[in-house]
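Here the structure is laid out as structure tokens; the discussion comes afterwards.
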Amino acid sequence: MGPELEPGLGDVSAPARLADPGEGISREELALATRNHGLPLEALRYDVTPPGLHYVLTHYDIPETDAARWRLRVGGLVREPLSLDLDALRSLPALTVRVTMECAGNGRALLSPRPVSQPWLVEAVGTADWTGVPLRSLLAAAEVGAEAVEAVFTGSDHGIERGVEQDYRRSLPLGVATGADPPVLVAYAMNGGPLPPQHGHPLRLVVPGWYGMAHVKWLREITLTDSPFTGFQQAQAYRLRQTAADPGEPVTRIAPRALLTPPGFPDFMSRTRVVRPGPVRVAGRAWSGHGPVTAVEVSADGGRTWSDAVLGTSDGDHPWAWRRWHHVWTAVPGRHLLTARATDAQGGTQPLDQPWNRGGFANNLVQRVAVVCVDDAGPA
Ligand SMILES: Nc1nc2c(c(=O)[nH]1)N[C@H]1C(S)=C(S)[C@@H](COP(=O)(O)O)O[C@H]1N2
Ligand SMILES: [Mo]
């Protein structure tokens, strides 16, 4: 628990607010939305998201970091505590893994009532090639004690959330932290270059298949513990609750989702897509943290009737990255709602009616894209 705070900075016993019926996006939500940008959806066309287009979510400030003096400490229940600088980490055997990362709050602003927080629509996603040291080799070198059950990861960013002053901190069960498939990484490179400031420079955790909150940025410490971590980001935030009193289940792996690369061209204000009559190639990406995507279906009537999309060749080299899909739709003049729906290897799929939980987490409602088909959109 943090020190006593000024009134107005919140209270851990008070849950995050729900917007009143019909309440618009507030200035506070707008302030978060301008800091934490999404993927411009046309960037779904790239296998690996180009620099600057990957979504960003930072709870507090991007901290000032100095790679030359950075140390990663591994301590707690270990026989050989480690303190490694970047050169030492770079000299260890490394892996590069292509990972699609998605914020657990993606889709939140479409929920009703709306949980008041970062107001994502559907764009909190991106894919990068992350290079780093497998966490399991660091933990092996540190000789984790038999009593350890979790690894707690501390970032060097600092802030207050609902009255609790904290460094950003999350844990993983030891079995996940030491897993080989997927390999959890302590990453120092993104797409072949140093991590950019907003993505965790100089070090971050990457947990393939898990929602973004697990991928701790600006990583400075790993602590092995003999009891589950009960810090704010684990026990208060990132739980699937129906009511504030409900202890809820923790948010973990990414639910399946498909998104469309926006077809045609946009109307500036409404973002409605404009297409010409005739065959329109509808394409996009689909992903899941519960195993590969096995099917994508497309609907041009908002989800009443469906056609199978063609999946891109399964890329065995990148099992933790999104998969391409496409479908040819014959557009006729008028208004249409294009929708896509992914199914994964475990049979998980996407709902047509929005599921709801208090934090707006792990919501994978199908995307609905308004399209108008016209011969001519009007004067230039
Ligand atoms: N230290 C730290 N790590 C963090 C966060 C943070 O605020 N601080 N945000 C988390 C959340 S909620 C998400 S969705 C991802 C976003 O990673 P990105 O900004 O690189 O896309 O980082 C996670 N790691
Ligand atoms: Mo997130």
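Start at 1 and go down the list; that is how both ligands and their atoms are numbered. Residues: numbered from 1 along the sequence shown.
- Among protein heavy atoms, the minimum distance from atom 12 (S) of ligand 1 is reached at Y238 OH, 2.9 Å.
- With respect to atom 10 (C) of ligand 1, the closest heavy atom belonging to the protein is Y168 OH, 3.6 Å.
- Distances below 4.0 Å separate heavy atoms of M101 from the following atoms of ligand 1: 17 (O).
- For atom 8 (N) of ligand 1, the candidate residues are D157, L219, V216; the nearest heavy-atom contact is made by D157.
- For W218, no nitrogen or oxygen atom sits less than 3.5 Å from a nitrogen or oxygen atom of ligand 1, counting backbone and side chain alike.
- Of all the atoms in ligand 1, the ones that sit under 4.0 Å from a non-hydrogen atom of T58 are 7 (O).
- Heavy atoms of Y211 come nearer than 4.0 angstrom to ligand 1 in no pair at all.
- Note that CH2 of W287 and OG1 of T127 are 7.5 Å apart. Values are rounded to the nearest 0.5 Å.
- Atom CD of E42 has more than 12 neighbouring heavy atoms from other residues, nucleotides or ligands inside a 6.0 Å radius.
- N36 and Q118 share a side-chain donor-acceptor pair at under 3.5 Å.
- Not a single heavy atom of R170 sits closer than 4.0 Å to an atom of ligand 1.
- For the pair R170 and W210, the cation does not sit on the ring face, since its NZ or CZ is not both under 6.0 Å from the ring centre and inside 45° of the axis.
- Using a 30° and 60° split on the angle between ring planes, W120 and Y55 fall in the perpendicular class, above 60°.
- Residue H215 has at least one heavy-atom neighbour below 4.0 Å for each of these atoms of ligand 1: 22 (O), 23 (C), 24 (N).
- Remark: among candidates R204, R169, R220, M213, the nearest residue to atom 17 (O) of ligand 1 is R204, based on non-hydrogen atoms.
- Near H54, with a cut-off below 4.0 Å to any heavy atom, the atoms of ligand 1 are 21 (O).
- W130 places no side-chain N or O within 3.5 Å of a backbone atom of V186 that could act as its donor or acceptor partner.
- Residue contact check: C103 has heavy atoms under 4.0 Å from atoms 14 (S) of ligand 1.
- At under 3.5 Å, not a single nitrogen or oxygen of W130, backbone or side chain, sits near a nitrogen or oxygen of ligand 1.
- At the shortest separation from atom 21 (O) of ligand 1 among protein heavy atoms lies Y55 O, 2.7 Å.
- Taken from CG in L240 to CZ in F361, the straight-line distance is 8.0 Å, to the nearest 0.5 Å.
- Atoms of ligand 1 found under 4.0 Å from any heavy atom of V56, numbered from 1 in the order shown, are 19 (O), 21 (O).
- Side-chain atoms of N191 do not come within 3.5 Å of backbone N or O of A128 as any donor-acceptor pair.
- Residue D353 places its CG atom among 12 or fewer non-hydrogen atoms of other residues, nucleotides or ligands, all under 6.0 Å distant.
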